[in-house]
Visitor: 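This is the structure I have questions about; it appears just below.
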Amino acid sequence: MDALDALLNRVSAPRLIEPAPTEEQRQVLFRAALRAPDHAQLRPWRFLTVEGRARNELGELFASALGADTAPETIAKTLAMPLRAPLLVVVIARVQEHPKVPAQEQVLAAGCAAHGILLAAHAQGIGAVWRTGELAYNARVAKGLGLADNEQIIAYLYLGTPERELRTPHDLPVEEFVTAWP
Ligand SMILES: Cc1cc2nc3c(=O)[nH]c(=O)nc-3n(C[C@H](O)[C@H](O)[C@H](O)COP(=O)(O)O)c2cc1C
């Protein structure tokens, strides 16, 4: 796929089924992630893949983070969340102390890496959607996933085969967002 085609037409695919991306496709996904712009080449990111049985374990970890008074339907829904795609990639920003690169820039770089995965997925015909929600910001989940104190989850990327045809995105009017200064 042409680069501009991927950039202009990427859309999320919320309903994902088997098969998961192949090993070869995954290599492309992660190589694209690793081309994110990165001030001082800090590589402020890492990625966890979650698939198969591990998705059930992730659901259990999610459910363990819910409050004691959580409704049974919410627990059931939470347990099933990671089953919404055959492959999940947890994108983790790893912020280091640096005299010239503030934390915000490092988190942005990790966000660009996540976007690289989405674009490379779209270009390969793989469906993907970026999700977060409160379980991306939960200390128990972070601990269960083995995050260090300087790490934070910035994305749960759900990846697989789109169940339905992808929608055609409608172009936003550029002039609403772009102005010449002064
Ligand atoms: C940081 C971030 C977090 C997001 N979290 C969620 C989420 O938890 N649930 C959700 O439905 N969409 C979430 N989205 C939005 C979707 O990934 C998607 O971009 C949005 O639905 C628009 O669809 P499109 O990508 O096809 O334009 C998030 C996007 C970003 C950048």
Side-chain angles (χ1 to χ4, degrees), residues 1-17 20-21 29-30 32-38 44-50 55 58-59 61-67 70 73-95 102-142 144-145 147 151-174 176-178:
M1 184 184 283
D2 172 61
L4 282 179
D5 194 5
L7 281 165
L8 296 175
N9 295 312
R10 180 211 62 78
V11 286
S12 299
R15 294 185 177 277
L16 297 161
I17 53 173
L29 297 178
F30 291 116
L34 298 176
R35 281 305 314 131
D38 176 16
W45 48 57
R46 68 184 179 98
F47 311 93
L48 300 174
T49 60
V50 183
R55 293 174 308 156
L58 181 59
L61 178 61
F62 283 171
S64 75
L66 299 173
T70 305
E73 322 70 269
T74 307
I75 296 173
K77 196 176 157 206
T78 303
L79 284 167
M81 275 178 179
L83 306 178
R84 292 178 291 186
L87 174 68
L88 276 73
V89 174
V90 186
V91 181
I92 298 166
R94 194 166 46 175
V95 174
Q104 181 185 343
E105 291 191 7
Q106 299 181 44
V107 175
L108 284 170
C112 289
H115 192 213
I117 292 177
L118 293 184
L119 289 169
H122 187 78
Q124 296 184 96
I126 300 163
V129 58
W130 181 334
R131 296 184 188 277
T132 49
E134 64 191 56
L135 294 167
Y137 311 112
N138 180 280
R140 185 190 282 254
V141 172
L145 288 172
L147 270 66
E151 294 182 324
Q152 56 187 281
I153 293 165
I154 60 158
Y156 295 113
L157 300 181
Y158 285 69
L159 295 143
T161 303
E163 192 181 50
R164 301 179 183 160
E165 202 175 316
L166 297 180
R167 74 178 206 283
T168 304
H170 69 275
D171 281 340
L172 293 173
V174 171
E176 279 186 18
F177 301 91
V178 183

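Heads up: numbering here begins at 1 and tracks the sequence. As the structure lists them, so they are numbered: ligands from 1, and atoms in each ligand from 1.
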Visitor: Would you say atom 21 (O) of ligand 1 makes contact with the protein, given that contact here means a non-hydrogen protein atom less than 4.0 Å away?
Guide: no
Visitor: Which pair of non-hydrogen atoms, one from L29 and one from A121, has the smallest distance, and what is that distance?
Guide: CD2-N, 3.4 Å
Visitor: So, do T78 and I75 sit near enough that their side-chain heavy atoms are less than 4.5 Å apart?
Guide: no
Visitor: Return the CD to CZ distance between Q106 and R94, rounded to the nearest 0.5 Å.
Guide: 10.5 Å
Visitor: Which residue, W130, F62, Y137, F47, forms the ring-ring contact (aromatic ring centres under 6.0 Å, His included) with Y156?
Guide: F62
Visitor: Which protein non-hydrogen atom lies closest to atom 23 (O) of ligand 1, naming both residue and atom, and how far is it?
Guide: S12 OG, 3.6 Å
Visitor: Please list, in number order, the atoms of ligand 1 under 4.0 Å from a heavy atom of V11.
Guide: 26 (O)
Visitor: Kindly identify the option in R131, H122, R167 whose heavy atom sits closest to atom 27 (O) of ligand 1.
Guide: R167
Visitor: Among all protein heavy atoms, pick out the one at the shortest distance from atom 8 (O) of ligand 1; state its residue, atom name and that distance to 0.1 Å.
Guide: T132 N, 2.9 Å
Visitor: Nearest 0.5 Å please: distance from the CG atom of L16 over to the CG atom of L88.
Guide: 9.5 Å
Visitor: For Q152, check side-chain hydrogen bond (donor to acceptor under 3.5 Å, both in side chains) against everything at least two apart and list the hits.
Guide: none
Visitor: I need the atoms of ligand 1 closer than 4.0 Å to a non-hydrogen atom of G133, numbered in the order shown.
Guide: 8 (O)
Visitor: Which protein heavy atom lies closest to atom 6 (C) of ligand 1, and at what distance to 0.1 Å?
Guide: W130 O, 3.5 Å
